[in-house]
J.: 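Can you keep this structure in mind? I'll have questions shortly.
Keep in mind that what you see is a predicted model, and the values were worked out from it rather than measured. Start at 1 and go down the list; that is how both ligands and their atoms are numbered.
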Amino acid sequence: MDVFEAMSTCRAMRYLESDPVDDELIERVITAATWAPSPGNSQGRDFVVVTDPDKKRIIGEAVDAVMGDRVAAMDRPDRTHRLMLDGTAHLIETLKSCPVLIFVCGKAIYPYGAPRDSFVWSAIYPAAQNLIIAARSLGLGTVFTTFQGVAEPVIRDTLDIPDDVHIGCMIPMGWPARNFGPLTREPYENVVHRDGWQGDLRA
Ligand SMILES: Cc1cc2nc3c(=O)[nH]c(=O)nc-3n(C[C@H](O)[C@H](O)[C@H](O)COP(=O)(O)O)c2cc1C
């Protein structure tokens with residue numbers, strides 16, 4: 001699939017089938033993630049791939065315990081909010097049966113003499129985005145989440161993630177149970193400023 005098609009149809013996929021995903025495909029998407037740039041090519045990110053049913057259950061239940069009621073209670077003022085929050089509620093309920101959970105993690109290793117946490121995120125997010133686009137091109141659904149934040153002690157304990165490793169995001173991945181499709185995004189002309197902030201692109 002053309003990369004532009006993959007990017008322009010790469011919706012957050014919160015409905016995933018429980019069918020397993022072959023290790024070969026997991027390896028392909030994570031290899032694509034390793035191709036992402038990082039500050040000074042420091043590559044200070046790693047990937048924890050979870051397919052073990054018990055570990056997924058523990059993590060899914062821990063996230064659900066905090067987020068389940070919270071998401072259920074959130075306002076759904078319009079269709080967009082309703083679809084997103086219903087999808088989020090479904091994702092949380094089904095995390096335990098999602099075939100693969102991928103945690104993109106990073107350690108402060110850059111700049112080498114005086115490492116800073118801000119550079120950790122600079123390594124994590126390009127890698128996570130590469131992963132998501134690669135998965136989409138293979139027909140796999142993913143969604144960026146920061147759910148790990150609400151259950152971090154349980155996740156660290158379950159996956160033996162050391163304290164000096166930041167957990168940047170948790171990406172559930174599986175075969176999509178809904179359609180990929182066009183995205184709702186601001187168009188080019190609304191976000192580009194030609195030759196300065198006030199510049200009108202169409203002038
Ligand atoms: C850094 C980041 C964190 C996100 N965290 C969550 C999350 O915790 N839960 C969730 O359901 N979606 C999460 N999302 C997905 C966004 O809500 C989604 O990409 C956005 O609403 C656009 O939706 P679309 O891709 O379907 O058009 C996150 C996205 C990003 C980039």
Side-chain angles (χ1 to χ4, degrees), residues 1 3-17 29 32-33 36-38 45 47-48 50 56 59-106 117-156 166-188 190-191:
M1 178 185 290
V3 71
F4 284 88
E5 184 184 348
M7 288 172 141
S8 64
T9 58
C10 190
R11 273 191 179 154
M13 189 58 69
R14 299 189 178 91
Y15 295 84
L16 298 167
E17 305 286 0
V29 300
S38 57
R45 73 283 171 280
F47 308 86
V48 182
V50 186
K56 286 189 299 177
I59 294 167
E61 286 176 0
V63 171
D64 196 6
V66 181
M67 289 298 292
D69 290 345
R70 216 185 269 181
V71 172
M74 281 177 186
D75 277 350
R76 288 155 168 74
D78 52 38
R79 186 172 178 275
T80 306
H81 280 84
R82 181 172 56 74
L83 291 177
M84 189 176 77
L85 291 173
D86 287 355
T88 304
H90 175 84
L91 178 67
I92 291 167
E93 271 166 42
T94 54
L95 276 180
K96 50 185 173 292
S97 58
C98 168
V100 193
L101 301 177
I102 302 172
F103 293 84
V104 187
C105 300
D117 278 354
S118 56
F119 284 96
V120 180
W121 312 113
S122 311
I124 284 175
Y125 277 102
Q129 181 66 12
N130 263 25
L131 189 158
I132 278 173
I133 299 302
R136 166 67 193 104
S137 76
L138 295 170
L140 286 160
T142 58
V143 50
F144 251 113
T145 83
T146 47
F147 289 149
Q148 80 283 350
V150 301
E152 198 164 318
V154 174
I155 292 169
R156 280 189 188 281
H166 294 280
I167 312 176
C169 57
M170 177 178 93
I171 303 178
M173 181 171 82
W175 297 108
R178 296 277 168 98
N179 293 330
F180 290 109
L183 307 173
T184 310
R185 300 288 191 267
E186 289 288 324
Y188 176 82
N190 286 11
V191 298

J.: Would T184 count as being in polar contact with ligand 1, using the rule that some N or O on each side must be under 3.5 angstrom apart?
T.: no
J.: Is a donor on one side and an acceptor on the other found under 3.5 Å between the side chain of S137 and the backbone of M1?
T.: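 Pair absent, no side-chain N/O of S137 close to backbone of M1.
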J.: Do me a favour and list the nearest non-hydrogen protein atom to atom 14 (N) of ligand 1 with residue, atom name and distance?
T.: F144 O, 3.0 Å
J.: For atom 25 (O) of ligand 1, tell me which residue out of A89, A12, G168, A128 has the closest non-hydrogen atom.
T.: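 The residue whose heavy atom sits nearest atom 25 (O) of ligand 1 is A12.
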J.: Which residue owns the protein heavy atom closest to atom 3 (C) of ligand 1, what's the atom, and how far is it?
T.: T146 CG2, 3.9 Å
J.: Hey, is the main chain of V191 close enough, under 3.5 Å, to the side chain of E186 for a donor-acceptor pair?
T.: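 Side chain of E186 to backbone of V191, a donor-acceptor pair under 3.5 Å: no, none is there.
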J.: Nearest heavy-atom pair of L16 and G174: which atoms, and what distance?
T.: CD2-O, 3.5 Å
J.: Output yes when a side-chain donor or acceptor of D75 lies under 3.5 Å from a complementary backbone atom of P77, and no otherwise.
T.: no
J.: Tell me the closest heavy-atom pair linking N130 and A32, and the distance in Å.
T.: ND2-O, 2.9 Å
J.: Within ligand 1, which atoms have a heavy atom of T88 less than 4.0 Å away?
T.: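 With T88 as reference, the close atoms of ligand 1 come out as 11 (O).
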J.: For atom 11 (O) of ligand 1, grab the closest protein heavy atom and report residue, atom and distance to one decimal in Å.
T.: R14 NE, 2.8 Å
J.: Any idea which of M84, R11, R185 brings a heavy atom closest to atom 27 (O) of ligand 1?
T.: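 Nearest heavy atom to atom 27 (O) of ligand 1 lies in R185.
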J.: Strictly distance-based, threshold 3.5 Å: is any side-chain N or O of K56 a donor or acceptor partner for the main-chain N or O of C98?
T.: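 Flag set: sc K56 to bb C98 pair under 3.5 Å.
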J.: On a heavy-atom basis, which atom in W121 and which in P126 lie closest, and how many Å separate them?
T.: O-CD, 4.0 Å
J.: If the cut-off is 4.0 Å to any non-hydrogen atom of Y125, which atoms of ligand 1 fall inside it?
T.: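 Close to Y125: 1 (C).
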J.: Could you find the nearest protein heavy atom to atom 9 (N) of ligand 1 and give me its residue, atom name and distance?
T.: F147 CZ, 3.4 Å
J.: Got a protein heavy atom sitting under 4.0 Å from atom 20 (C) of ligand 1?
T.: no
